[in-house]
Structures are given as structure tokens and as C-alpha cells.
Amino acid sequence: MTTKKSFFQPLDRVAIALMLLLILVIGLIISQGDVVRVRVREFTWKHLQSEEKDISVTNFTTQNQKIGSEYKAFILTFSRPMDTKSVEENLKIEPPLAGTFSWAGRRMGYSFITPAPYGTTYKVSLEGAKDKFATQEKINKTIQPFQTTFSTRDRVILYIGASDEDQGRLVLYNLTRGQKKILTPKDLIVTDFKPFPDGQKILFSARPADSQDLLSAQLYTVTTGFSAPHETKAEPAAKVDLLLDNKEYQNLKFDVSPDGQTIVVQRGKKDNPGDFGLWFMPATSDSSDKKPTPQRLQSQPGGDFMITPDSKAVALAQGQGTAILPLQKDGTKPLDFFPQFGLVQAFSGDGSQAAMVKFNTDYTRDLFLVTNQGVQKKLLSTTGSIVNCQFDTASPTLYCLLTQLLPGEYYQEQPYLTAIDIKTGEQKPLLVLPPDQRNIQMSLSPDGLGLLFDQIQTQTNPTTTPNAPFLTTDDGETIATSSLWLMPLLPIADAQTSADLKPEQLPLTGFYPRWLP
């Protein structure tokens, strides 16, 4: 007796049915063409100084990223190769923000021509763009609509207070929101300060309020209450930490590196005036319970100094010239030396240019533009002083605070603000200030749209009570009061409109104003 077996077992029949179904589905997909819509896969920010500092926003529900002027471009990464023309025509930024396009495969970069103005929220949207293959095949298939928002930092200034409420204390004022915050306690008199580039902390020097010793300053840090662009949480404002004491050395001038990682301090031994020089230290310690340890920079003594834009060296006035010293323990071998220039006033953001001062034998001073290509271009000459210069990040402009010696029997200097086109050498006077305002300080906003300056009134015959706090200028004069001013700025090319701009006195009493980056 024989048994007939079915050629296909039940499992075989199921598998064959599934295969036929898949073949049918694949055939339908092929017959309809590519139905998957192209989309934006990633939205990222390009940092001015380091590719490693890009902010990546892969979750598009995370809106309103805060950026500063150091973020100069955003990048869109697409899921498929794109028709570049259709993307460029359909990308919208509201309010408008001028920029240029660049492409690398599926990545599109949009670089701002000028920094995005602070205190503004922007919406970026893209609809109607087509992928490359759909355009070639003349298929009307567009991108999945994309939208995100970002904001620039608030317009925030810092200054040393001169009113009864905040005398000698570090004050933060948010111009965007009209909010004022005192950052330091009453028992400290702030003498100088430098913001960290991410805006989260301020490095400042201060002496005890009950001390008359102007050289008794110690170094501290204080939090601002703001977060870095890539962070969502910030430390509470006004948290003060001692960074460097004055037990053995007097702490004089200091600077913070552009990357925020290094601090350089000019120090002098208390019991040995000849022991004088630069020290450098990390801005933070590897251990939370230990303070950063300073190291001596072995080099010849010098005067004014400034950390270079790459954060790896320091420009130090030595003798009749300026030396560029590496930020390492052995700085006896300069990386470069400029014998004809006695002072560096400013570096451009990318480090390719510097504004340097030449001191002449006839007591005049020349301002030169010096490039890393060896070009030395004279910009101006003055019988007075070159107090401060700052490069604009938004245009090829150098803003300077200068003085001119006035004719007459008595020595008088006339301070004034001027803008210099570094390409043409054209000068455009902005504002003439009252004579003998020798202690004026200025600060250019990160977006290049405003210039802060102060006007100090001193006391000729000061009367102070013992142990009472008092404020002094760099010349040692006692400060009676001081006003803060904001000068709106426009490019030199827009001469007609900028001629009508006038400085505005802020409702604040203080001096030494600085913009928060």
C-alpha cells in the first residue's frame, strides 16, 4: 500500500504566498517611482574658531537655540542630493538675514555676511525645494516642509557701578529686557573685569571695600546667569568664587584667552619689586575642590599684553618693541618680534590682522595695520594718545578712541571716536568728546551695531571718611560720578544715514562699560 504525499507542505505554501505578495508590492513601488519625500536630516551651527564646537540640533522640536556672534553660519544636511537652485530660491529667513550659500554634497551652508543682530528671534523655513533626481526626471516632487527658530543673545552690558546702591560693584544690565542685576557683594570694590567668551562668567579683580590699598586686589569669577549657546541650563547669577589670592604676589593686569581656556595675569612679588612678570593658568581646574595653579612664564619683563586670537600665545610689550611669546613655561624664545611697534591695540577675530602703535621720537604716535602676510600699513598719526581700538566683526572697519593735543599754553587733550576703513584708509569721525576726559573707556558690541563709552567726573578735592569705599581712575583720581553712553553704528559706506546717528545717554551711573559677548 502506498501513501501519496503533497508536493507542497503547508509551510511551503505560506512562504510562496508571502514571496508572491512581496513581488507584487515591489512591482507596484517600482511602477510608481520613488515616493519617499526628501527631508532635512540635520540642522547644525558652524563655530567661528573651531569645527569641534558646532551645535547640532537633530530634534526639530527643540526650537529657539541661542547663538552669539561666534556662530557665523548654519548648515542643513539633506536626506538626498538636492537641486541647489530650488533650495536657494525657497529658503526663507524672517526677519531677513543676508548671507551666502555654499554646497558640499548633501550639505548646504548659509554664511552670514554680518553677525546676526543681538536680541532678535529668527525663523528658518524651507518649502518647495526639489531633490536633484526628481528635477532631472521632471517629476514634481518637493521636500518635506522644514521649519525651525533660533535667537541671538540679549544685548547685555557690564559696568562698575558709581551710584550709592552699587558703588564699586560689578553690574549687569540687559538692554533687551531692561533688567539690572548687581553681581558682586558690597564688601568688594571691583577694579577691572573681563567676560569669558561664552558669557557664563566674568573674571574680575577686586579689593576689600574697607581697604585703602589700591594694589590689594585678588582675582575672582562671578556667574552671569546666562548659559552657553549649546546648553539649556545656567548657573544662578552672582555666584562669586576666589580664583587667585594676593598673599605673596600683587595681581595687576590680566586677560582671558578667546577660547576661554586660559588666563594670563601680570604679577609682582610683594617683598621684591624686581620679581615682576606674567603668569598663566587654566581657567578651570580638573578637580572641583582645587583651584587652578598658575605657572610663571619665563621671559624678559614687559608692559601691556594681550592674548592672541588662537589662544596659544601672548603679545607683550618688551623694550622698544612687541614680542609674541608662546603660552608655555619657557617663553624665552619669542615666536615673533616687532621692534618698531611698542604696543598691540587689537587683533582681528581670525588673527590675520593687528592694530599696532608706533611711538615716535617727536612724541607723536602712529597707528599701523599689520597683517600676517607682512604688510604694514599706516592708518593715522596723532599728537595725543591712541587709547583703544577694536576691529568690527561685521565690516572691514577699525573703531578707535583717540586724543589730539590742543594748541595753547596748557596741556590739554581732546578725545574723539573715529571709524577707519582698513581697506581704503578712509577715516570717519564719529564723535568729539569734552577735553581732558582722559579716562574714557569704549567697547564695541559683538554684532557691530553699537559702541559703549563712559564719561567720568572726578573730584578735585575729595573728602572721604575712614574705611569708606572710594572709586579711582587709572590715574588715581577719585571718581565723583560717571555716565554711560550708547552710540549706534552703521557701516562707513552708509554715510548719509549714519551722519544722523547721535549717542544716547543710558539711565545708568557707572564706568568702564563692556559688552557681554
Side-chain angles (χ1 to χ4, degrees), residues 36-132 142-154 196-200 226-234 258-261 309-311 349-351 393-394 446-448 517:
V36 179
R37 296 183 73 179
V38 66
R39 63 185 179 88
V40 175
R41 296 180 60 182
E42 194 175 43
F43 180 85
T44 57
W45 283 99
K46 185 176 180 182
H47 193 273
L48 179 64
Q49 296 180 342
S50 172
E51 295 293 336
E52 297 177 356
K53 293 183 179 179
D54 288 0
I55 300 178
S56 179
V57 185
T58 55
N59 180 3
F60 297 126
T61 61
T62 304
Q63 300 286 311
N64 206 22
Q65 289 288 314
K66 288 270 188 179
I67 65 162
S69 60
E70 70 272 24
Y71 290 92
K72 63 178 181 179
F74 64 76
I75 299 170
L76 295 181
T77 303
F78 299 93
S79 60
R80 292 173 59 85
M82 298 298 295
D83 174 55
T84 59
K85 184 178 180 181
S86 69
V87 174
E88 294 175 8
E89 289 177 347
N90 288 280
L91 182 72
K92 293 182 180 179
I93 304 175
E94 300 174 355
L97 193 57
T100 58
F101 292 94
S102 60
W103 289 87
R106 299 181 184 183
R107 289 162 58 92
M108 182 216 76
Y110 188 81
S111 301
F112 306 146
I113 294 176
T114 61
Y118 274 33
T120 307
T121 298
Y122 295 89
K123 181 175 75 172
V124 180
S125 59
L126 181 60
E127 293 185 46
K130 299 179 180 180
D131 73 49
K132 183 177 180 180
T142 59
I143 191 172
Q144 178 180 325
F146 166 76
Q147 180 176 302
T148 190
T149 59
F150 69 90
S151 297
T152 47
R153 293 179 182 174
D154 291 347
F196 281 84
D198 61 8
Q200 295 185 94
F226 291 98
S227 63
H230 58 285
E231 297 177 357
T232 56
K233 293 184 178 180
D259 64 4
Q261 302 300 310
D310 62 5
S311 303
D350 59 5
T393 57
D447 57 11

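Values below: every heavy atom of this structure, side chains too, minus hydrogens, waters and symmetry copies.
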Should Val87 and Leu126 be marked as a side chain to side chain contact (heavy atoms under 4.5 Å, CB included) after you check the CA-CA gap, both sets of side-chain angles, and the distance that decides it?
CA-CA 7 Å; Val87 174; Leu126 181 60; 4.2 Å; yes
Has the side chain of Tyr118 got a donor or acceptor atom that lies under 3.5 Å from a matching backbone atom of Ser69?
yes
Where do Asp259 and Ser311 come nearest, in terms of heavy atoms and distance?
N-OG, 3.1 Å
Testing the basics here: between Ile143 and Met82, what is the closest heavy-atom pair and its distance to 0.1 Å?
CD1-CE, 4.3 Å
Out of curiosity, Phe150 CZ to Thr120 OG1, how far, rounded to the nearest 0.5 Å?
9.5 Å
Apply side chain to side chain donor-acceptor pair (under 3.5 Å) to Ser151 and Thr121, showing your working.
CA-CA 4 Å; Ser151 297; Thr121 298; 3.0 Å; yes
Kindly compute the distance separating CG (Leu97) from OG1 (Thr114), expressed to the nearest 0.5 Å.
6.5 Å
Could you walk me through whether Val124 and Thr149 satisfy the side chain to side chain contact (heavy atoms under 4.5 Å, CB included) test, starting with their C-alpha distance in whole Å, then the side-chain angles of each, then the deciding distance to 0.1 Å, before giving a yes or no?
CA-CA 6 Å; Val124 180; Thr149 59; over 6 Å; no
Any sub-3.5 Å donor-acceptor pair from Ser79's side-chain atoms to Val38's backbone N or O?
no
Using modelled atom types and a 3.5 Å cut-off, is there a donor and acceptor pairing between side-chain atoms of Thr152 and backbone atoms of Pro117?
yes
Which word best sums up how the rings of Phe74 and Trp45 line up, parallel for under 30°, tilted for 30 to 60°, or perpendicular for over 60°?
perpendicular
Straight-line distance of Glu88 CD to Asp83 CG, nearest 0.5 Å
9.5 Å
Inter-residue atom distance Gln147.CD - Glu94.CD, 0.5 Å rounding
8.5 Å
Closer than 4.0 angstrom, basic N to acidic O: yes or no for Arg153 and Glu70?
yes
Distance from Lys123 atom NZ to Lys92 atom NZ, nearest 0.5 Å?
9.0 Å
Glu42 CD to Ile75 CD1 distance, which is reported to the nearest 0.5 Å
9.0 Å
At their closest point, which heavy atom of Ser227 faces which heavy atom of Ala234, and how far apart are they?
N-CB, 3.5 Å
Run Phe78 and Asp131 through side chain to side chain contact (heavy atoms under 4.5 Å, CB included) and show every step you take.
CA-CA 9 Å; Phe78 299 93; Asp131 73 49; over 6 Å; no
If I compare all heavy atoms of Phe226 with all of Gly199, which pair ends up nearest, and what's the gap?
CB-O, 4.0 Å
Shortest non-hydrogen separation from Pro115 to Thr393 and the atoms involved:
CG-OG1, 3.4 Å
Side chain to side chain contact (heavy atoms under 4.5 Å, CB included) between Met108 and Leu91: does it pass, once the steps are laid out?
CA-CA 11 Å; Met108 182 216 76; Leu91 182 72; 4.1 Å; yes
Just say parallel, tilted or perpendicular for the rings of Tyr110 and Phe101, cut-offs at 30° and 60°.
perpendicular
Restricting to non-hydrogen atoms, name the atom on Pro517 and the atom on Pro197 that form the minimum distance, rounded to 0.1 Å.
CB-O, 3.5 Å
Is there side-chain contact between Tyr71 and Phe112, with at least one heavy-atom pair below 4.5 Å?
no
